2 protein chains.
Amino acid sequence: MALTAAQHRVVTAATQLFARHGVGGTSLQMIADELGVTKAAVYHQYKSKDDIVLAAASAELARLRTVVESATTRDELLAGMVDLAVAGRRTAGRMLNDPVVVASFAHDKKFREVMHKMRALLLGDDHSRGAQVRVAMLVAAISGAVMHPFVIDLPDETLRRELLALANRLID
Amino acid sequence: MALTAAQHRVVTAATQLFARHGVGGTSLQMIADELGVTKAAVYHQYKSKDDIVLAAASAELARLRTVVESATTRDELLAGMVDLAVAGRRTAGRMLNDPVVVASFAHDKKFREVMHKMRALLLGDDHSRGAQVRVAMLVAAISGAVMHPFVIDLPDETLRRELLALANRLID
DNA sequence: GTCTATAGTGCGATAGAC
DNA sequence: GTCTATCGCACTATAGAC
């Protein structure tokens, strides 16, 4: 889990490229070129492309986890989620929608724990199916809206403010 | 725009595979195998992979366009959008989030027209930046929520009902 | 930690027969 | 409309020197 400096560079470059071209559309050559090194140097850090995908996805999940676990109120959580999404609007956001990444998360224990804690903080004791749809919709709305062509030119702060207001409306 | 029967088969198979593996993660061999033919037979219908991506994306946009243009009230539009998303929850939904597809749509004239009409019907004369964020968030929420791991086991009708209620709450 | 060099595979795409 | 066969290339991944 603790990344070396070189591993961190690989994951950062990979995350940006995954967002721009998709996971399947990103080659190790592209990652190496982005870093100004050869493919072999990248392979020295991760022994396969799958490992890089996993590391990049895990790094994003860890960020979300930090937000969820450091929040003590619903308002804090919503603000943290919006901040995270806005910060990654050009990079991480799209990657988390990639079919390959989604499939690897769907049954991941940590992912489910984070989502469970999120639902508990947002909706309390409500365990109905409606509550699940509501959490799913909130997550999708926040992470999806930041990448929509319609808002691509909005400054971060404007986007943040509007998203937060709407997120509150959705969950109230 | 009018597809032959063979072209329709190619686009249908491609859409399913794009949703499962991403655009970049889907090869022409996979599409050919899905159809039980050879790559050359697929190439006879479309002269490049890009053309297939474009045709699949256009078909989805055309569906959305039909919904938007046949709706006369806000409620009709929301219901149509939810129905479309639920119908394609296993196929089209994910494809429309692919970076390659999104990039091709961002400056597409028809796409922008559809989005414009959508905003007009949802929010009337409100042309503020907030209104744009609201439309972006609504689209993202509906199309993203149907694919979230949390709701993957919900029956279509339950998902439809919950989504519609929440969509109304977001736009009211 | 990075390099050169290379193996082996699958890719997108084309030619031409049926 | 589908086939067989093939081209040239880019891909993932590895070996071994520095």
Side-chain angles (χ1 to χ4, degrees), chain A residues 1-60 94-95 98-105, chain B residues 1-60 94-95 98-105:
Chain A
M1 275 304 230
L3 304 187
T4 66
Q7 283 176 327
H8 190 260
R9 283 196 298 273
V10 169
V11 167
T12 301
T15 299
Q16 290 173 352
L17 291 166
F18 290 163
R20 257 202 298 280
H21 306 106
V23 171
T26 301
S27 70
L28 277 158
Q29 186 66 66
M30 292 161 75
I31 297 173
D33 288 349
E34 184 84 8
L35 295 170
V37 298
T38 62
K39 282 186 288 182
V42 176
Y43 270 106
H44 186 258
Q45 307 301 330
Y46 290 100
K47 74 180 206 302
S48 73
K49 181 182 169 181
D50 278 357
D51 283 7
I52 298 176
V53 174
L54 193 66
S58 297
E60 280 310 307
R94 195 89 69 195
M95 189 190 67
D98 192 283
V100 178
V101 175
V102 171
S104 82
F105 272 176
Chain B
M1 275 302 231
L3 304 186
T4 66
Q7 284 176 326
H8 191 261
R9 283 196 299 273
V10 169
V11 167
T12 301
T15 298
Q16 290 173 352
L17 290 166
F18 290 162
R20 259 204 297 281
H21 306 106
V23 171
T26 300
S27 69
L28 278 157
Q29 187 65 66
M30 291 162 76
I31 297 173
D33 288 349
E34 184 83 9
L35 295 170
V37 299
T38 61
K39 277 190 292 182
V42 176
Y43 270 106
H44 186 258
Q45 308 301 330
Y46 291 100
K47 76 180 202 304
S48 74
K49 182 181 170 181
D50 278 358
D51 282 6
I52 299 176
V53 175
L54 192 67
S58 297
E60 279 313 305
R94 193 90 69 196
M95 189 189 67
D98 192 284
V100 178
V101 175
V102 171
S104 81
F105 272 176

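Predicted, not measured: the structure shown is a model, and the values here were computed from it. Note on naming: letters A, B, ... go to the chains in the order of the sequence lines (proteins, then strands), and numbering restarts at 1 for each one.
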Between [options], which nucleotide gets closest to the side-chain atoms of [X]?
X: B:Tyr43; options: D:dT12, C:dA13, C:dT2; value: C:dA13
X: B:His44; options: D:dC11, C:dG12, D:dG1; value: D:dG1
X: B:Ala41; options: D:dT2, C:dT14, D:dC11; value: D:dT2
X: A:Thr38; options: C:dC3, D:dC11, D:dT14; value: C:dC3
X: A:Ala40; options: D:dA15, D:dC3, D:dT12; value: D:dA15
X: A:Ala6; options: C:dC3, C:dG1, C:dA13; value: C:dG1
X: B:Lys49; options: C:dA13, D:dT2, C:dT2; value: C:dA13

Is B:Ser27 close enough to C:dC11 that one of its side-chain N or O atoms is under 4.0 Å from OP1 or OP2 there?
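Yes, within the criterion.
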Please check the phosphate of C:dT2 (OP1 and OP2 only) for any side-chain N or O of A:Gln45 closer than 4.0 Å.
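So the side chain of A:Gln45 is within the cut-off, an N or O lying under 4.0 Å from OP1 or OP2 of C:dT2.
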Closest heavy-atom pair and its distance - [X], [Y]:
X: B:Ser48; Y: B:Tyr43; value: CA-CE2, 4.1 Å
X: A:Thr26; Y: A:His21; value: OG1-CB, 3.9 Å
X: B:Pro99; Y: A:Gly22; value: CG-N, 3.5 Å
X: A:Phe105; Y: A:Ser58; value: CZ-N, 4.5 Å
X: B:Thr4; Y: B:Gln45; value: OG1-OE1, 4.0 Å

[X] [atom1] - [N] [atom2] separation (whole Å):
X: B:Ile52; N: C:dA13; atom1: CD1; atom2: C1'; result: 11 Å
X: B:Lys39; N: D:dT4; atom1: NZ; atom2: P; result: 13 Å
X: A:Asp33; N: D:dC11; atom1: CG; atom2: C1'; result: 13 Å
X: A:Leu28; N: D:dT12; atom1: CG; atom2: P; result: 5 Å
X: B:His21; N: C:dG10; atom1: NE2; atom2: C1'; result: 15 Å
X: B:Gln29; N: D:dC11; atom1: CD; atom2: C1'; result: 16 Å
X: B:Ile31; N: C:dG10; atom1: CD1; atom2: P; result: 17 Å
X: A:Tyr46; N: D:dT14; atom1: OH; atom2: C1'; result: 19 Å

Taking only distance into account, with no hydrogens and no angle test, what donor-acceptor pairs under 3.5 Å do side-chain atoms of residues 28-41 of chain B form with protein atoms, sequence neighbours excluded?
| from | atom 1 | to | atom 2 | distance (Å) |
| --- | --- | --- | --- | --- |
| B:Gln29 | NE2 | B:Asp33 | OD1 | 3.0 |

Inter-end axis angle, the helix from C:dG1-D:dC18 to C:dC18-D:dG1, with every axis fitted to five base pairs (rounded, 10 degrees):
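It works out to 10° between the end axes.
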Residue pair B:Ile52 / B:Val42, side-chain heavy-atom distance below 4.5 Å:
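Yes - at least one pair of side-chain heavy atoms lies under 4.5 Å apart.
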Which part of the nucleic acid does A:Lys47 contact within heavy-atom distance under 4.0 Å: base, sugar-phosphate only, or nothing?
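Sugar-phosphate: the residue A:Lys47, judged by heavy atoms under 4.0 Å, touches backbone atoms but no base.
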Between A:Arg9 and B:Met30, which residue's closest nucleotide on DNA chain C lies nearer the 5′ terminus?
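Here A:Arg9 is the residue nearer the 5' end.
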Show me the side-chain donor-acceptor pairs of residues 10-18 of chain B shorter than 3.5 Å, one per line, residues at least two apart or across chains.
| from | atom 1 | to | atom 2 | distance (Å) |
| --- | --- | --- | --- | --- |
| B:Thr12 | OG1 | B:His8 | O | 2.8 |
| B:Thr15 | OG1 | B:Val11 | O | 2.7 |

